[in-house]
Amino acid sequence: MSYKPQLLAITLLLTSQVALAAQTTFPVWPSGDAPGAKNSPVSFTLTERSKDPALPDRAVTGIRAPQVTVYLPKKPNGVALLVTPGGSYKRVVLDKEGSDLAQPFNDRGYTLFVMTYRMPEDGHAEGANAPLADAQRALRTLRARAGEWKINPQHIGVMGFSAGGHVAASLETRYDEAVYAPVDAIDRQSARPDFVVLGYPVISMDAAIAHAGSRKALIGDTPTAEQIKHYSPELNVTAQTPPTFLLHAVDDPSVPVANSLVMFNALHAHNVQTELHLFSHGQHGFGIRGVKNQPAALWPELAMNWIAALPEK
């Protein structure tokens, strides 16, 4: 499906009250469809899963033309967050780990860029690297066009959740890996995030702690040792990996808390500035709405305080 029908579908839903903060949506790739999508058989579908109009829960599948929706603060502080929501590498959820975040982060001056990305099993030329290719291109675009949104090109982070946390962790550890052919001048920009926030992230491909669905989508049922290493961000951390903030619920039934623990340990071992917050309750995929009146509800404030305290460049 071409980019325009996808944009129309999302634009129509963005007219609802819950998305008033959204200012604009733009394509990650200049032609709409990603270059590697030409042989993919999938078609775009947007589904509203909530029965409560005041509490939307949109999910998109069949992504061929990744997009970024911009949530602008009234008083920008110059800091940007590229948001990669979760969805088990089957879909991308747009609200629980996307639009819901706009108000608390915008209120503190952060500019949010909530993106969709392609799925590793959808037949794209990049295969398991398709989500990373989209994230690299999106971050390079923010850096190249920083002036348009009044953001500092050296204060651009990525914030990912669940499988989107794997996208973000892959970006912070493989930002300079050539996973797509350069398209234009934007691709001369660095794809390295300046900082990273990981919420209950899929990290390791070690079968003992991996999220089974994400692992299968990325490396199949019988992966090689090299595949396991390549797609396990904790095994690719270096001293150049950006500062990273992690949060996870100990009672997470989907993505074991061990994923955040191994990432924290790898970051700490390489002297990367890192902070880890574990909450006894929260389950999985809580975003903000899932932990109201619980201690985990404080995580946005904790994350923003951590970002604000990072050393100036």
Side-chain angles (χ1 to χ4, degrees), residues 59-61 63 66 81-93 96-98 114-122 124 126-139 157-175 177 179 191-193 195-220 223 226-238 241-242 244-249 252-267 272 274 276 284-287:
V60 293
T61 57
I63 299 161
L81 276 164
L82 176 67
V83 181
T84 52
S88 300
Y89 272 135
K90 298 293 184 184
R91 65 195 66 82
V92 175
V93 299
K96 290 195 298 182
E97 296 159 357
V114 179
M115 73 174 291
T116 59
Y117 51 88
R118 291 171 295 148
M119 299 296 105
E121 291 184 298
D122 279 357
H124 301 286
E126 304 91 344
N129 289 331
L132 176 59
D134 296 338
Q136 285 185 356
R137 173 72 188 189
L139 197 135
V158 61
M159 179 165 62
F161 302 86
S162 193
H166 187 269
V167 177
S170 298
L171 182 62
E172 72 169 319
T173 54
R174 299 168 56 201
Y175 53 85
E177 184 177 328
V179 292
R192 181 184 184 274
F195 58 89
V196 182
V197 176
L198 301 177
Y200 37 89
V202 172
I203 296 292
S204 184
M205 295 296 107
D206 180 344
I209 63 171
H211 176 255
S214 297
R215 184 179 191 267
K216 182 177 180 180
L218 287 163
I219 58 178
E226 177 56 33
Q227 284 178 303
I228 291 172
K229 179 183 184 302
H230 197 65
Y231 293 96
S232 295
E234 83 277 15
L235 300 180
N236 298 300
V237 170
T238 70
T241 300
T244 303
F245 178 100
L246 299 108
L247 64 121
H248 215 122
D252 191 323
S254 299
V255 177
V257 69
N259 281 264
S260 285
L261 294 175
V262 296
M263 189 63 176
F264 174 83
N265 288 337
L267 292 160
V272 175
T274 184
L276 170 64
H284 185 73
F286 50 80

Walk me through it: do Ile209 and Val262 pass the test side chain to side chain contact (heavy atoms under 4.5 Å, CB included)?
CA-CA 10 Å; Ile209 63 171; Val262 296; 4.1 Å; yes
May I ask you to decide if [Y]'s main-chain N or O and [X]'s side chain share a donor-acceptor pair within less than 3.5 Å?
{"X": "Asp252", "Y": "Val257", "result": "no"}
{"X": "Tyr200", "Y": "Gly287", "result": "yes"}
{"X": "Thr84", "Y": "Gly164", "result": "yes"}
{"X": "His211", "Y": "Ser214", "result": "yes"}
{"X": "Tyr117", "Y": "Val167", "result": "no"}
{"X": "Asn236", "Y": "Thr173", "result": "no"}
{"X": "Asn129", "Y": "Val179", "result": "no"}

Can you name the nearest heavy-atom pair linking [X] to [Y], along with the distance?
{"X": "Leu198", "Y": "Glu172", "result": "CD1-OE2, 3.7 Å"}
{"X": "Val196", "Y": "Pro242", "result": "CG2-CB, 4.2 Å"}
{"X": "Arg192", "Y": "Leu139", "result": "O-CD2, 3.9 Å"}
{"X": "Met205", "Y": "Ser232", "result": "N-OG, 2.9 Å"}
{"X": "Pro131", "Y": "Pro120", "result": "CG-CD, 4.0 Å"}
{"X": "Pro201", "Y": "Leu246", "result": "CG-CD2, 4.5 Å"}

Who passes side chain to side chain donor-acceptor pair (under 3.5 Å) against Thr241, sequence neighbours left out?
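If we apply the side chain to side chain donor-acceptor pair (under 3.5 Å) test to Thr241, skipping adjacent residues, there are no hits.
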Any Lys/Arg nitrogen of Lys90 or Glu121 sitting under 4.0 Å from an Asp/Glu carboxylate oxygen of the other?
yes
Below 6.0 angstrom between ring centroids: does that apply to Phe245 and Phe195?
no
Non-hydrogen side-chain atoms of [X] and [Y] separated by less than 4.5 Å:
{"X": "Glu97", "Y": "Val114", "value": "no"}
{"X": "Glu177", "Y": "His230", "value": "yes"}
{"X": "Arg91", "Y": "Val60", "value": "no"}
{"X": "Leu171", "Y": "Leu132", "value": "yes"}
{"X": "Asp134", "Y": "Ile63", "value": "no"}
{"X": "Arg137", "Y": "Pro66", "value": "no"}
{"X": "His124", "Y": "Met119", "value": "no"}

At what distance, to the nearest 0.5 angstrom, does [atom1] of [X] lie from [atom2] of [Y]?
{"X": "Ser88", "Y": "Lys216", "atom1": "OG", "atom2": "NZ", "result": "13.5 Å"}
{"X": "Ser204", "Y": "Ile228", "atom1": "OG", "atom2": "CD1", "result": "8.5 Å"}
{"X": "Asp206", "Y": "Lys229", "atom1": "CG", "atom2": "NZ", "result": "14.0 Å"}

Under the ring pair (Phe, Tyr, Trp, His ring centres under 6.0 Å) rule, collect the residues that match up with Tyr89, sequence neighbours excluded.
His166
Partner set under side chain to side chain contact (heavy atoms under 4.5 Å, CB included) for Ala249, not counting sequence neighbours:
Asp251, Phe286
Ser254 side chain to His284 side chain, donor-acceptor N/O pair below 3.5 angstrom:
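Distance-only check fails for Ser254 and His284.
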Assess the residue pair Val237 and Met263 against the criterion (side chain to side chain contact (heavy atoms under 4.5 Å, CB included)); give the C-alpha distance rounded to whole Å, side-chain angles, the decisive distance to 0.1 Å, and a yes or no.
CA-CA 8 Å; Val237 170; Met263 189 63 176; 3.9 Å; yes
Would Arg174 pass as a cation-pi partner of Tyr231, given that its NZ or CZ must be under 6.0 Å from the six-membered ring centre and within 45 degrees of the axis?
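Arg174 over Tyr231 ring: yes.
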